[in-house]
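Structure, as structure tokens:
We count residues from 1, following the sequence as given. Both ligands and their constituent atoms are indexed starting at 1 by order of listing. Since this is a predicted model, take the numbers as computed values, not measurements.
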Amino acid sequence: MHPLQCVLQAQKWGPLASVSWLLLRTCRALSNLPSTACPSPEKQQEDGVRKDFSSRLATGPTFQHFLRSASAPQEKPDMEDPPPYVTVEELLGRQRKVYLETYGCQMNVNDTEIAWSVLQKSGYLRTRNLQEADVILLVTCSIREKAEQTIWNRLQQLKALKTKRLRSRVPLRIGILGCMAERLKEEILNREKMVDILAGPDAYRDLPRLLAVAESGQQAANVLLSLDETYADVMPVQTSPSATSAFVSIMRGCDNMCSYCIVPFTRGRERSRPVASILEEVRKLSEQGLKEVTLLGQNVNSFQDSSEVQFNNAVSTNLSRGFSTNYKPKKGGLRFTYLLDQVSRVDPEMRIRFTSPHPKDFPDEVLQLIHERDNICKQIHLPAQSGSSRVLEAMRRGYSREAYVELIHHIRESIPGVSLSSDFIAGFCGETEEDHLQTVSLLREVQYNMGFLFAYSMRQTRAYHRLKDDVPEEVKLRRLEELITVFREEATKANMASVGSTQLVLVEGHSKRSATDLCGRNDGNLKVIFPDVEMEDINNSDVRVRAQPGDYVLVKITSTSSQTLKGHVLCRTTLKDSSAYC
Ligand code: 5AD
Ligand code: SF4
């Protein structure tokens, strides 16, 4: 049986679901070797290795191998237990240099570090210089068509780099990682023969094996989605020593199935990382001196850690009032409020944020905790997507405009001074001018501090199969422009209200626009710019200090725009001491 056939059948048989989807292509590199080439002794040795490897690969993994993998579904691919057609040596990076390029959301930034962590353990080196790379990996996004087009264009540029590669160097390998690998699978391999490996969002542990297969000139892919992969034990490597903040992934995937969204198809089912491993990572970051952690997930507040049996009681999750889910209510496990409480107790001087939440999962316990705990930022992202109940229903968001507005009021009452942000889509299937005006009115009514606005981009989702993408492109763009204008006007007004206030700012470094200014973020995550001058330290009035990245300072706000605040610095402080002044 052909190995691919075997694996495809295996996927249908449930218990074999842990078997990687391994796609092998005919060997190109060997047949491409020009007859005039005179390989160096190192290269001859490498060719020998490759020939030997190819003959082993040609026979493929045996059916017994798949059965063996299936009998241990929880086991992750391990360096000491490679599949029979790859030796431990072949899994090693042998100091090859990897260049990683990230596209899309914050989850992808985090995934890039997970992929790097796996490769680093395997003996690869990282380079920030494209020209010296032996392996180029693009961590991709599929959420809108434009994001995918960017990758196709980038591949054209990389093709030239691969073709021009000197024969004295090891062949350049190119990989597509993440959502686009998951969504397009063979289409990428067929359209771009220069792509050597594909790894879906749940296959990063398999990168050393995929690269080992690619060594022989074969294309290799693993796009199997997992029900339990959270990379809990793969701590991302903190690469920037001057960093003040870090992202910590707490859950992956999404069960919501909003009708426009590709995420459930590219990232799979929702699963949460065990609380203990999250706390361990946050403690490490605190020890390294980081001052801000953002908990990350596609649906961060539906967190549910069921790994500890004693907490698996039958109590259902509390939803926000007037909200429903597209799935059966989830029961038991350690929930988001518990995690947020624990994380915020690790280091009282460390700010805690989270993104991206769904409005349905804001029970009162979460709001109360955010209100009470000094180091949990009073900032909530509440993606509305539309202001029209009719469109919200077509989107399968599980709430009406009225329920959403009521939640906004409730949040504002529970957390005075909270900063709010949202996502909106302009021109979704069937959106009329009246629907659009309702979105405009929601923007006016709520007056968000930050907004992320997009024109609808048809993806192969439920909407693709059941609805019509009937809003013309120019209308989508016109509506988007209108939303952006209204959002900016309202954000400017909302930010104006902070003129004259004193805000706690975590310093990030010098402003990009001016070397004499510093830049940081306030509690609401807005950028604050202020002159880099000497100031008093609140705990030691004898010394004058200059603020450094990672310091907390108090800034008096003097002017604002829709996206930035400006002011002058009052003193250096701590998060704990600042509550008396802000
Ligand atoms: N078209 C446009 N925007 C989309 N988003 C998700 N899917 C699409 C799509 N098909 C937006 C939503 C989501 C954000 C991350 O991206 O607003 O909240
Ligand atoms: Fe997509 Fe909806 Fe899930 Fe967000 S909640 S990732 S928009 S399906």
Side-chain angles (χ1 to χ4, degrees), residues 103-109 141-149 178-180 182-183 201 225 249-272 296-303 319-320 323-327 330 336 354-362 380-388 391-399 404 420-431 436 439 442-443 448 450-471 473 475-477 479-480 483-484 487:
Y103 295 82
C105 65
Q106 206 51 59
M107 258 333 249
N108 273 7
V109 177
C141 170
S142 284
I143 198 135
R144 282 167 288 274
E145 202 184 331
K146 207 168 145 217
E148 288 187 352
Q149 195 50 51
C179 290
M180 210 171 145
E182 194 63 53
R183 197 179 89 76
L225 286 172
S249 164
I250 65 161
M251 54 87 65
R252 298 176 76 82
C254 177
D255 284 351
N256 287 331
M257 291 296 224
C258 300
S259 62
Y260 52 82
C261 187
I262 196 75
V263 167
F265 304 95
T266 57
R267 288 188 165 263
R269 299 298 302 270
E270 218 169 278
R271 64 228 106 112
S272 296
L296 212 55
Q298 251 83 42
N299 252 296
V300 82
N301 53 341
S302 21
F303 180 86
L319 292 180
S320 317
F323 286 70
S324 64
T325 56
N326 290 329
Y327 50 79
K330 297 184 178 175
F336 187 62
F354 55 89
T355 200
S356 178
H358 190 287
K360 72 178 163 47
D361 289 306
F362 276 108
I380 295 186
H381 185 59
L382 214 61
Q385 312 298 358
S386 170
S388 151
V391 174
L392 288 169
E393 199 178 335
M395 289 177 162
R396 300 181 89 229
R397 288 292 289 174
Y399 53 86
Y404 180 87
L420 294 173
S421 57
S422 186
D423 294 347
F424 284 96
I425 298 177
F428 184 60
C429 309
E431 187 191 74
H436 167 63
T439 303
L442 185 66
L443 283 168
Y448 296 97
M450 269 191 251
F452 304 89
L453 310 158
F454 313 98
Y456 176 56
S457 164
M458 180 62 109
R459 314 273 67 211
Q460 281 185 325
T461 61
R462 199 183 164 95
Y464 173 86
H465 295 292
R466 303 186 185 206
L467 304 173
K468 218 165 144 210
D469 184 15
D470 54 1
V471 180
E473 203 53 33
V475 176
K476 283 181 188 169
L477 294 179
R479 289 182 187 168
L480 177 64
L483 296 185
I484 293 172
F487 158 72

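The part of Phe454 lying near ligand 1 is the side chain, judged by heavy-atom distances below 4.0 Å. The proximity of Gln385 to ligand 1, defined as any non-hydrogen pair under 4.0 Å, is limited to the side chain. Under 4.0 angstrom from ligand 1, the non-hydrogen atoms of Ile143 come from both its backbone and its side chain.
Of all protein heavy atoms, the one closest to atom 3 (N) of ligand 1 is Arg144 NH1, 3.0 Å. Ranking protein heavy atoms by distance to atom 1 (N) of ligand 1, first place goes to Ser457 N, 3.0 Å. The protein atom (non-hydrogen) at minimum distance from atom 7 (N) of ligand 1 is Tyr260 CD1, 3.4 Å.
Ring geometry for His358 against Tyr399 counts as perpendicular: the plane angle is over 60°, on a 0 to 90° scale with 30° as the lower cut.
With sequence neighbours excluded, the residues forming a side-chain hydrogen bond (donor to acceptor under 3.5 Å, both in side chains) with Tyr260 are Gln385, Arg397, listed by chain and number. In terms of the ring-ring contact (aromatic ring centres under 6.0 Å, His included) criterion, residue partners of Phe424 (sequence neighbours excluded) are, by chain and number, Tyr448.
The distance from atom CD of Glu148 to atom SG of Cys141, rounded to the nearest 0.5 Å, is 8.0 Å.
Any protein N/O/S atom under 2.8 Å from atom 2 (Fe) of ligand 2 was counted, giving 1 altogether.
Nearest to atom 18 (O) of ligand 1 by heavy atom, out of Thr355, Leu480, Asp423, is Asp423.
Proximity to Arg459 (heavy-atom distance under 4.0 Å) selects the following atoms of ligand 1: 10 (N).
Although no hydrogens or angles enter the test, the distance criterion places a donor-acceptor pair under 3.5 Å between the side chain of Ser320 and the main chain of Phe362. Counting only distance, with no hydrogens or angles, the side chain of Glu145 and the backbone of Ser457 share no donor-acceptor pair below 3.5 Å. A donor-acceptor pair is defined here as one N or O able to donate and one able to accept, closer than 3.5 Å; such a pair exists between the side chain of Asn108 and the backbone of Tyr103.
Ala455 counts as a contact of ligand 1, since one of its heavy atoms falls under 4.0 Å from the ligand.
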In sequence, state the C-alpha distance, the side-chain angles, and the governing distance for His381 and Asp423, and then conclude on side chain to side chain contact (heavy atoms under 4.5 Å, CB included).
-> CA-CA 8 Å; His381 185 59; Asp423 294 347; 3.0 Å; yes

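The two atoms that bring Leu483 and Ala426 nearest to each other are CD1-CB, 3.9 Å, heavy atoms only.
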Side-chain donor-acceptor contacts of residues 462-470 below 3.5 Å, not counting sequence neighbours, with atom names and distances?
residue	atom	partner	partner atom	Å
Asp469	OD1	Lys476	NZ	2.9
Asp470	OD1	Gly430	N	2.7

